[in-house]
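Written below as structure tokens is the structure these notes are about.
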Amino acid sequence: MSTSKTIFITLILTVVTVFTSTKTAESARTFFVFGDSLVDNGNNNYLPTTARADSPPYGIDYPTHRPTGRFSNGFNLPDLISQHIGSEPTLPYLSPQLTGQRLLIGANFASAGIGILNDTGFQFVGILRMFEQFALFQQYQGRLSAEVGAAQAQRVVNGALVLMTLGGNDFVNNYFLTPVSARSRQFTIPQYCRYLISEYRKILMRLYELGGRRVLVTGTGPLGCVPAQLATRSRNGECVAELQRAVQIFNPLLVQMTRDLNSQLGSDVFVAVNAFQMNMNFITNPQTFGFVTSKIACCGQGRFNGIGLCTVASNLCPNRDTYAFWDPYHPSERALGFIVRDIFSGTSDIMTPMNLSTIMAIDSNLY
């Protein structure tokens, strides 16, 4: 082949590659993430708080094999969703790398330790509570406007997919934190659940005011079945009934609240994600999903490896793929993969009113 012909073919391939990558970047959906440690991509690394995952063995299965601030052995829930929607992983909003065109990918505002209530997670000190996450979201929109113009910035925000994950800490790091907490003296469990929902409703409406138009709202997982609770509250490894009862009151109220909001807004803005059932599937039948256990955390100490934090001094399982839980509170990357599969293809009993595949199909005609 002649040199000139080789150069011509190389140029053609280069043009095709650039065009394809540009088209992919433009068509990839912007993604925003709000919430707690289940979805924090590393914001807490930049904050004066003890609620951090910035030391080994966190990140042991991440591509860099280093801790990233994710409470996972590898990727976390937002990462896996990003992969499915064809987008790059969202950067923590506090990351200095989130500049320029990277703003179009979206941003992660989540902060480990927070809850629906501002008094949740007080023991972790400098975390980003929801009103602070929203203040940063407003700041983000100003930065995006400076980058692409106000009109385009508004289109990007309105066309984005949003993930909101809250509630678990309001139980384990508030109401049930001590044998008798301030909130447990104030409310019975049903009263507390109704109060949480009323406050959560305000949060979701504020998100709508800030431009969120397609929001995945995850319910609370089976908190009574996580290794931390098995270690401290169960006798023989059975799920803790009181915590299970609480979240089974909370979650249906959340679904009804999102339905009411959608009816009020005249659009399916909020999509309720039944995280309780998604987790219970592999907690109840771990072997069916290829796990050797759903009771013992891969990384931890004490009973069920459920005591304390995951540190270099912890017991560490050799194969994270065979454990449903990575640490005393958080599912392993592989377990999260099953949750994301359900988010994309789940039936109406676990994704209300529709799953993410349907959302992506509908919205491809809108944005």
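Everything numeric in this text was worked out from a predicted model, so none of it was measured.
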Only one of [options] clears side chain to side chain contact (heavy atoms under 4.5 Å, CB included) with [X]; which?
X: F276; options: N251, I350, T218; answer: N251
X: C193; options: F250, F187, Y175; answer: F250
X: H330; options: S37, S72, P227; answer: S37

Is it possible for you to check whether R70 lies under 6.0 Å from the centre of the six-membered ring of Y58, through NZ or CZ, and within 45° of that ring's axis?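 Geometry flag: not set, cation outside 6.0 Å or 45°.
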Would you mind checking if E132 and R129 are paired as a salt bridge, meaning a charged N to carboxylate O distance below 4.0 Å? no
Is it true that D119 and R183 have a side-chain N and a carboxylate O under 4.0 angstrom from each other? yes
Joint cluster assignment, [X] & [Y], ILVMFWY side-chain distance < 4.5 Å:
X: L177; Y: V125; result: no
X: L161; Y: F109; result: yes
X: L38; Y: W326; result: no

Do S345 and S357 pair up side chain to side chain, a donor and an acceptor below 3.5 Å, judged on atom types alone? no
For the CZ atom on R66, are there more than 12 heavy atoms of other groups (residues, nucleotides or ligands in this structure) within a distance under 6.0 Å?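 No - once you tally the heavy atoms of other residues, nucleotides and ligands closer than 6.0 Å, there are 12 at most.
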R320: what forms a salt bridge (Lys or Arg N to Asp or Glu O under 4.0 Å) with it, not counting sequence neighbours? D61
Can you tell me if the gamma sulfurs of C299 and C317 sit closer than 2.5 Å? no
Determine the sole option in N44, D40, T49, D36 for which the side chain to side chain donor-acceptor pair (under 3.5 Å) test with S111 is passed.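 It is N44, the one option of N44, D40, T49, D36 that forms the side chain to side chain donor-acceptor pair (under 3.5 Å) with S111.
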